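Heads up: the structure comes next, in C-alpha cells.
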Amino acid sequence: MSRVLSAVAWPYANGPRHIGHVAGFGVPSDVFSRYMRMAGHDVLMVSGTDEHGTPILVTADKEGVTARELADRNNRVIVEDLAALGLSYDLFTRTTTGNHYRVVQEMFTTVRDNGYMVEQTTKSAISPSTGRTLPDRYIEGTCPICKYAEARGDQCDNCGNQLDPTDLIDPRSKINGETPAFVDTQHYFLDLPALAGALGEWLDERESSGTWRPNVIKFSQNILKEIRPRAMTRDIDWGIPVPGWEDQPTKRLYVWFDAVIGYLSASIEWARRLAETEGSSPERWRDWWNDPEALSYYFMGKDNIVFHSQIWPAELLAYSGSGDKGGEPGTFGELNLPTEVVSSEFMTMESRQFSTSRGHVILVRDVLERYGPDPLRYFICAAGPETSDADFTWAEFVQRNNSELVAGWGNLVNRTATMVAKNFGEIPECGPLEEVDEAVLATVRGGFGSVGALLGRHKLRAGIAEAMRIVGEVNKYLTVTEPYKMKDDSQRERLATVLHVAVQCVSDCNTLLAPFLPHAANKVHAVLGGEGELIPMPRIEEVDELEPDSGAGLVTYPVITGDYTATPAWESRAVVPGTKVDKPTPVFTKLDPSVVEEELARVSG
RNA sequence: GGGGCGGUAGCUCAGUCGGUCAGAGCAGAGGACUCAUAAUCCUUGGGUCGUGGGUUCGAGCCCCACCCGCCCUACCA
C-alpha cells in the first residue's frame, strides 16, 4: 500500500465549465483515484477553483459585480457540476480561503528567505484609469510587421508573429479602449535559472522511470533549455497580498505563486478539517508531502504542463532550499516533487475548438441534466483526449452510448437479472461447474489484473476497452450455455449454476467498471440485490472559514468532500445465494438518434 | 519565428526493441438465437499505413525533404 496524492488541476472560476475541461482533468483523475483506492492505496485527492487574476476581474467589471461575487457564484456552479459528475475529491476547495492565503504566504516568505525570489524593475502596461496590470493579450493595436489593425499584444493573429505590446502601433486596451501606459514597476521574480540544475536532475530521474507520457517529458526537458526568471507578482488588487509589501495593496501574487500552491494548501485544509470532525492530527497532510515514499500524480490539460513540470517543482525545490543558492525548508519541511505529471491533450467538439464566447460549447451541467453522468463518463473514458487530441461529436456520443454502454453492458445486466428474477427470485445456489463456467469465471477474474494494470498507468481508454471486452465474453457465455432453454425440471440444477455463474460475472464486471462508472455501479449493485452503495460518492458540504482573520474574506463556502473508506476492494467478491433479485428496470437509457440533430442545432452558434 | 504532437480500413483509433504488423471497436453485409432496452452470438476487412527519396536482407515502425491538421510559445483543461 502506498500513499497517493491525486492533484487535480484547478478550474478557473470565470464561468461554468464545459465538457472539455472535465475530459482533461476531472474524469481521468477520478477514475485513477477510485482505482487506486480500490487497489488498497491511501489516496488524497485535492483540487479547488482558481479565483484570482485579471480575467475574473474583467468579467466581473463587465457584469457590474465584484470579483468576489463573481467567484462565489462560479465556484458554486463548478462545485455542483463536479460533484454531480461523481468526482471523488477528498477536498475540493478554493484559492480565496484564509488557509490558502497563509500557506501561500509561508511559501513565499521561505522562498524569498532562501534567496530564490529576486526583485526586478520591468516595464509593464497598466491601465491609467484603474492602475491595474494590463496583460499582453488585453492590449491590441496595429501590427508593426503586417499592419493588421487588430493584433494582440502578445501575438498578431494575422501574420502569427510574436509581439511585445510596446511594438504595437497605436496600442489600446481591449477592456475599455484607453491607451495603456507603459510604466516602470517593481516585481518579485522567481529565480528559475538557479533551480534549473535541480529541475533537470529531477526530470532525468523521472524520465528513467519510463512512466511519463513521452510528449510530456520531452516537452518539459525542452522548455528547461530556455528557462529564465519569471515574475511572481502583478499590479492588481485582486489576489493574495505580497508579504512585505502590505503597504502596496495594488501588488498581489500572481497565479503562478497562487493556484499551484493549492495542492499543498488544500491538503493542509483537508487535514485541519478532519482534525476538527474526527480528532485526527492536523499534520496528517505530511504523510503525503514529507514522506519520500509517497507518490503524487498531477492531472491537467496540456496547456498546463509548464506549470506542473517546471514552475511548481521549482517552487517546491526553492522552498526546500534545494537549488544552487541552498537554503533551509520552512515549517512545511522538505516537500515531495511530483511523481508524475499526467497531461491530457485537448478535446474538440465537432472538429472545432471549444469556444465559450462563440457559443461553440457544451456545458457539463447541460449534459448532466439531459443525459446523466454515465454516458458522458463513458465517452470520456473510451474516447477522451488521452494521448492525442480527440473529437467529441454528438453522433459518436449517441452511438457509443447505445451500442456499447446500453447494448453491451446494460443488456448483460438486464438479461441476467431478468432470468434470475423469473426463474428463482433470488441468486441461485451454484452446482458443479463445467468447463465453460470455469473458463468465463477465469476470464472475468483475469480482468482485475489486466484492467488494473492499465488503470495504474492511467490508461483509461485501454482499460475500459478491456473491461468491455470481458463484458462481451460474458454475453457470449449466456449465448453458448443457453439458460433460457432450460425449461425442464431435470435441467433445474444446471440452470441454477449457469445463472449463478452469470450473476457472479456481472457482479465482478461491475467492480471492474466501478472506477469508470460509479453511479451506474451503484445501480447495478442494487439490481443484483445489494444493499446500500457499492462505491462511495462525493457530497457537497457547506463549511466555515478556518481563518476568519486572514483577510481573505470568506465566511462559509461549499466544498466537495466524502468518506471513501467503504470503497470496495479491487477483487472478485463471491455473490451470496439467496439474495433477492427482482425483475430489473434498465440501468442505462438508450438515446434516440434525434438528439444528435437537437444538440447540433443548439451548438450551431 | 521557435518548440511539440499527429496524418494507418467508411468512422474512432491500437500498433512496445524495424522481420506472422497490416490490426481492434463501431458502421455495413450474411447467418444463428430469442433470456434481454429489435438487445445478444457467429461469419465477413484488397486500406499505396500523408507524399517523395534514403538506410537495410527486410520499415507504419529508422534518416532526409515536403504537404496537411492540431497544440504550446508567459494565465480559458
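In what follows, chains are A, B, ... by sequence order, proteins preceding strands, each numbered from 1. Source: prediction; values computed, not measured.
Within 4.0 Å of A:Pro586, counting heavy atoms only, lies at least one base atom of the nucleic acid. In this structure, A:Ser344 reaches neither bases nor backbone, as no heavy-atom distance under 4.0 Å exists between it and the strands shown. Heavy atoms of A:Lys590 sit under 4.0 angstrom from at least one base atom. Here A:Asn475 lies in heavy-atom contact (under 4.0 Å) with sugar-phosphate atoms only. Using a 4.0 Å heavy-atom cutoff across all strands shown, A:Gly472 reaches sugar-phosphate atoms only and no base atom. Among the heavy atoms of the strands lying under 4.0 Å from A:Phe588 is at least one base atom, whether or not backbone atoms are also near. Contact annotation for A:Arg461: backbone-only contact, meaning every heavy-atom pair under 4.0 Å involves sugar-phosphate atoms and none involves a base.
For A:Lys476 and B:C42, the shortest distance from a side-chain N or O to OP1 or OP2 is below 4.0 Å. Taking 4.0 angstrom as the limit, A:Lys583 places none of its side-chain polar atoms (N or O) nearer than this to OP1 or OP2 of B:A36. The phosphate of B:U37 (OP1 or OP2) has no side-chain N or O of A:Thr585 nearer than 4.0 angstrom. For B:C35, one of the phosphate oxygens OP1 or OP2 lies less than 4.0 angstrom from a side-chain nitrogen or oxygen of A:Lys487.
For A:Tyr484, taking side-chain heavy atoms from C-beta onward, the closest of the listed nucleotides B:A74, B:U34, B:U12 is B:U34. Here B:A36 is the nucleotide among B:A74, B:A14, B:A36 with the atom lying nearest to any side-chain atom of A:Asn414. Among B:C72, B:U40, B:A39, the nucleotide with an atom closest to any side-chain atom of A:Arg415 is B:U40. Here the side chain of A:Lys485 is nearest to one of B:U12, B:U34, B:C26, namely B:U34. Nearest to the side-chain atoms of A:Asn411 among the listed nucleotides B:C26, B:A39, B:A14 stands B:A39. The side chain of A:Val406 has B:U37 as its nearest neighbour among B:U37, B:A39, B:A74. When distances are taken from the side chain of A:Thr418 to each of B:C35, B:A39, B:U37, the shortest belongs to B:C35. Comparing atom distances between the A:Phe346 side chain and each of B:U37, B:C72, B:C26 picks out B:C72 as nearest.
A salt bridge links A:Asp437 to A:Arg494: one of the charged nitrogens lies within less than 4.0 Å of a carboxylate oxygen.
B:G60: glycosidic angle within 90° of 0, hence syn.
For A:Tyr188 and A:Phe257, the gap between ring centers reaches or exceeds 6.0 Å.
In this structure, the side chain to side chain contact (heavy atoms under 4.5 Å, CB included) partners of A:His21, at least two apart in sequence or on a different chain, are A:Arg17, A:His18, A:Phe25.
Between A:His18 and A:Pro229, the residue anchored nearer the 5' end of RNA chain B, judged by the nucleotide with its closest heavy atom, is A:Pro229.
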